[in-house]
Amino acid sequence: DTGVSQDPRHKITKRGQNVTFRCDPISEHNRLYWYRQTLGQGPEFLTYFQNEAQLEKSRLLSDRFSAERPKGSFSTLEIQRTEQGDSAMYLCASSSGLAGVGDTQYFGPGTRLTVL
Amino acid sequence: LAKTTQPISMDSYEGQEVNITCSHNNIATNDYITWYQQFPSQGPRFIIQGYKTKVTNEVASLFIPADRKSSTLSLPRVSLSDTAVYYCLVGDSHSGGYQKVTFGTGTKLQVIP
């Protein structure tokens, strides 16, 4: 399978703990995105990487959240001092960034975070 | 920031054609229209994308009128497995082609036996 993969698929943690999620994009996709989705809502944009550069961050990404893509391939999203309000599905997507076409984003299966 | 409006929910019987219309009055010249399907506890799955007129692939057709202020996703002969939420998106084109997309609440399609 050469799609976007995410790990873990499920994470249960206690309030105040730190968690880290990993995303492996489609090979050779140079754009990578993180979204958060709560029940009954559509995904909300969190941040965007072009290769290793983080080019945009949503105001939803508080200072407890940090994302990296150190070598322009996989990415990690860390949440420090988790709160119950962080409980959500965290989705990763990637796109090829080819010029001249609508830059379709392909999504991974998501990581479901539950903060107790 | 382009916004979309689509029905909150739709019901259809198996075997029928389903058309879901999305309004995007403020679509920009460079924006593409993309539709995704999402099942519970899964990531959105790309269905189809278009810029103007009609686009067809193996799973759906997308109809876009000349003014591009709306689009219609057409699913032929739906089955129970098509029960899902369908999102219509338009991209906000940034320099370099990156499209920041905004998801609405989508249309929940329920296919009835």
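Letters go in sequence order (proteins before strands), and every chain restarts at 1.
Within a 6.0 Å radius of CG in A:Leu39, no more than 12 heavy atoms belonging to other residues, nucleotides or ligands are found. Residue B:Glu17 qualifies as enclosed at atom CD: its count of foreign heavy atoms under 6.0 Å is above 12. Around the CG atom of B:Leu80, the shell of radius 6.0 Å holds more than 12 heavy atoms that belong to other residues, nucleotides or ligands. Counted within 6.0 Å of CZ on A:Arg64, heavy atoms from surrounding residues, nucleotides or ligands total more than 12; the atom is thus considered enclosed.
We find the OG1-CD1 distance between A:Thr104 and B:Ile48 to be 11.0 Å, quoted to the nearest 0.5 Å. Remark: B:Gln42 CD to A:Arg9 CZ distance equals 7.5 Å, nearest 0.5 Å. To the nearest 0.5 Å, atoms CG (A:Leu91) and CD (B:Gln38) are separated by 6.5 Å. Separating the OG atom in B:Ser41 from the CZ atom in A:Arg112 is a distance of 5.0 Å, to the nearest 0.5 Å.
Put simply, A:Leu60 and A:Phe21 are part of the same group of oily side chains (I, L, V, M, F, W, Y) that touch within less than 4.5 Å, one to the next. At a threshold of 4.5 Å between side-chain heavy atoms, the hydrophobic network of Ile, Leu, Val, Met, Phe, Trp and Tyr places A:Phe65 and A:Met89 in two separate groups.
For chain A, the option among B:Pro44, B:Gly43, B:Gly50 with the highest count of heavy-atom pairs below 4.5 Å is B:Pro44.
A centroid separation of less than 6.0 Å is found between the aromatic rings of B:Tyr36 and A:Phe107.
Proximity to chain B involves both the backbone and the side chain of A:Pro43, based on heavy atoms less than 4.5 angstrom apart. For A:Gln37, the part lying under 4.5 angstrom from a heavy atom of chain B is the side chain only.
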